[in-house]
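Notes follow the structure.
Basis for what follows: all heavy atoms, side chains included, without hydrogens, waters or symmetry-related copies.
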Amino acid sequence: MEYSKEDILKYVKENNIRFIRLQFTDILGSLKNVAITASQLEKALDNQCMFDGSSIEGFVRIEESDMKLHPDLKSFVPFPWRKAPDNVARLICDVYKHDGTPFEGSPRQVLKNVLDDALKLGYTFNVGPECEFFLFRKDDEGKPTLKTFDDAGYFDMGPVDPGEDVRRDIVLTLEQMGFEIEASHHECARGQHEIDFKYGDALTTADKVITFKLAVKTIANMHGLHATFMPKPIFGIAGSGMHLNLSMSKDGKNVFYDENDKNGLSQIAYSFIAGIMEHVKGITAITNPLVNSYKRLVPEFEAPVYIAWSAQNRSPLIRVPAARGNGTRIELRSADPSANPYLALAVTIAAGLDGVKRGLTPPPAVDGNIYAMTAAQRKKQKIGSLPASLEEALIELQKDKLVCDTLGSHVLEKFVEAKQLEWLEYKTRVSQWEIDKYLSKY
């Protein structure tokens, strides 16, 4: 819904909204907010709400700390779970520097920059994400465990899947917040769920991913459960992905479709695929940003680790789903839900656009099951692999000029610094597996 400043002020007064949360994300994708009372709302809507940027990880040094929040009026929505008398609403904000210019370290701004570049070429993007998550029980102290809430499998339903009641409440809550839910179901792993919402423009979709994760965690908590978007919480079963379905339009027409092509794809679509394939190693640290992300990216559990594309099957990294005409889209299957959605979409779209600008052509489609191929067969077909660890992904990121330029020097420096520390901490930690494996033997 489109809101004006006056609409929001009127709604807040008539519905007794007590607090408004001004939301934004840090570079790593963690949701942050400044909470204001209704009396301060008009000031906030005039872009006069200040906060200390030096307190946000990866933002600025203390001598550059004064920053302003500019609310996006379209993002106004009440929180359905905060009832009277303490009604709460939120606004998603852009971050600006004190001199009135956009803050280059804001992930939302990074995505807006890419979309502005695309618009100069006449292109707009729609994105449909598929967000998976796990529901776990809590212990007596309220801390999350690895005990799943169910033992169900793909598309199971109650009483095998008691999680369907939680999913129902999540769906109803999301609908109250303006989401159009297309499907919800149990995923293949025990305790794993997926809720798909309708595609939208890229910026709105990134906003919705952030809202989705907040709503899922909040409603799960109200059921006494813990929802996690950690990519691979349990050894031996599938991890959680966030497949990204992208379509590109010009003058209202889907430019990925060509009815005369054997696959129904335009040259622009092929070039977009080729661009992603050329840069995918460089974007992997962004789409898969945790040490844990690479426990999911292994061949045995349907995760797309091989750099290939197909319009026929689901094993390659990039899939072209069956829909054609205005529904023609390209699905990147490697991303996971721990990614900052603004940065993940920015680098993916930038990579595809680079392929379009340069007129790249992808290698032939791989329509067989890549998982069933031998290493020699993959080598013969020149099928490469994604980085196998966060360390490798960070190296590839820094080698890819396009991805570095897309992120900008500020985000690149702060992201790499934080992730190198994360890798070092992980690398030097002694795990329980090592204790079990070596302590008695050596």
Side-chain angles (χ1 to χ4, degrees), residues 24-32 53 56-61 64 67 94-97 101-121 123 125 127 129 202-203 205-207 209-210 242 244 246 272 275-291 293-294 332 334-358 386-387 389-423:
F24 58 100
T25 73
D26 66 11
I27 288 171
L28 302 183
S30 297
L31 184 61
K32 306 293 182 180
I56 306 298
E57 183 70 31
F59 265 29
V60 289
R61 297 167 298 182
E64 306 165 320
M67 315 205 85
D94 290 305
V95 181
Y96 276 68
K97 295 185 287 190
T101 58
F103 173 46
E104 62 274 13
S106 166
R108 198 172 193 260
Q109 187 61 45
V110 172
L111 176 56
K112 290 175 80 170
N113 292 342
V114 171
L115 297 177
D116 286 345
D117 288 344
L119 195 57
K120 291 173 184 174
L121 300 171
Y123 297 125
F125 287 88
V127 180
L203 185 64
T205 297
D207 288 341
V209 170
I210 294 294
M242 182 178 68
L244 299 175
L246 300 103
F272 197 88
I276 294 178
M277 292 180 70
E278 178 164 311
H279 294 288
V280 73
K281 290 184 179 182
I283 72 175
T284 298
I286 302 297
T287 57
N288 307 85
L290 305 184
V291 165
S293 296
Y294 300 85
L332 177 65
S334 56
D336 72 51
S338 68
N340 184 325
Y342 300 107
L343 298 183
L345 286 178
V347 296
T348 302
I349 290 171
L353 273 177
D354 184 56
V356 173
K357 291 175 185 176
R358 294 162 56 199
L386 293 179
S389 69
L390 180 59
E391 181 183 42
E392 287 184 31
L394 290 171
I395 292 170
E396 294 291 344
L397 166 61
Q398 293 172 88
K399 285 163 50 178
D400 193 310
K401 186 177 185 303
L402 175 92
V403 180
C404 292
D405 290 346
T406 300
L407 295 175
S409 59
H410 183 101
V411 171
L412 175 67
E413 177 188 343
K414 298 299 183 182
F415 181 87
V416 170
E417 180 183 338
K419 291 300 164 180
Q420 285 176 336
L421 285 173
E422 182 178 333
W423 175 255

Residues which pass ring pair (Phe, Tyr, Trp, His ring centres under 6.0 Å) with Tyr96, listed by chain and number, not counting sequence neighbours: His70

Hey, what do you get for OG1 (Thr406) to CG (Leu353), rounding to the nearest 0.5 Å? 9.5 Å

Drop me the distance from Asn340's CG to Ile286's CD1, to the nearest 0.5 angstrom. 8.5 Å

So, for Ser389 and Trp423, which heavy atoms are closest and what is the spacing to 0.1 Å? CB-CH2, 3.9 Å

Quick one: list whatever passes salt bridge (Lys or Arg N to Asp or Glu O under 4.0 Å) with Glu417, sequence neighbours left out. none

Reported CD-to-CG distance for the pair Glu422 and Leu394, which is rounded to 0.5 angstrom: 9.0 Å

Say you draw a straight line from OG1 of Thr205 to CG of Leu244; how long is it, rounded to the nearest 0.5 Å? 10.0 Å

At their closest point, which heavy atom of Leu390 faces which heavy atom of Lys419, and how far apart are they? CD2-O, 3.9 Å

Report yes or no: does Gln109 contribute a side-chain atom to a donor-acceptor pair with the main-chain N or O of Val95 at less than 3.5 Å? no

Tell me, do Pro289 and Phe415 make a side-chain contact under 4.5 Å, heavy atoms counted? yes

Got a second to check how far Leu203's CG is from Asp94's CG, nearest 0.5 Å? 7.5 Å

The criterion is side-chain contact (heavy atoms from CB on, under 4.5 Å); which residues satisfy it with Ser409, sequence neighbours excluded? none

Heavy atoms, side chains only, cut-off 4.5 Å: are Glu278 and Leu402 in contact? no

Any idea which heavy atoms bring Gly29 and Ile210 closest together, and the distance? O-CD1, 4.1 Å

side-chain contact (heavy atoms from CB on, under 4.5 Å) partner of Val347, the single match among Ile283, Leu397, Val110: Ile283

Under 4.0 Å between a side-chain nitrogen and a carboxylate oxygen: does that hold for Glu104 and Lys97? yes

May I ask you to test the Lys414-Leu28 pair for a side-chain heavy-atom distance under 4.5 Å? no

Describe, in one word, how the ring planes of His410 and Phe103 are oriented to each other, choosing from parallel (under 30°), tilted (30 to 60°) and perpendicular (over 60°). perpendicular

Between Met242 and Pro337 the two heavy atoms that sit nearest each other are CB-N, 3.7 Å

Mind checking the CE-CZ spacing from Met277 to Phe272? Nearest 0.5 Å is all I need. 13.5 Å

When you measure from the side chain of Asp354 to the backbone of Gly275, do you find a donor-acceptor pair of N or O atoms at a distance under 3.5 Å? no

Tyr294 side chain to Asn288 backbone, donor-acceptor under 3.5 Å: yes

In short, Val280 meets Thr284 closest at the heavy-atom pair O-OG1, 2.6 Å

Asp26 side chain vs Lys32 backbone, donor-acceptor pair below 3.5 Å: no

Least distance between heavy atoms, Ala202 atom then Leu345 atom: O-CD1, 3.6 Å

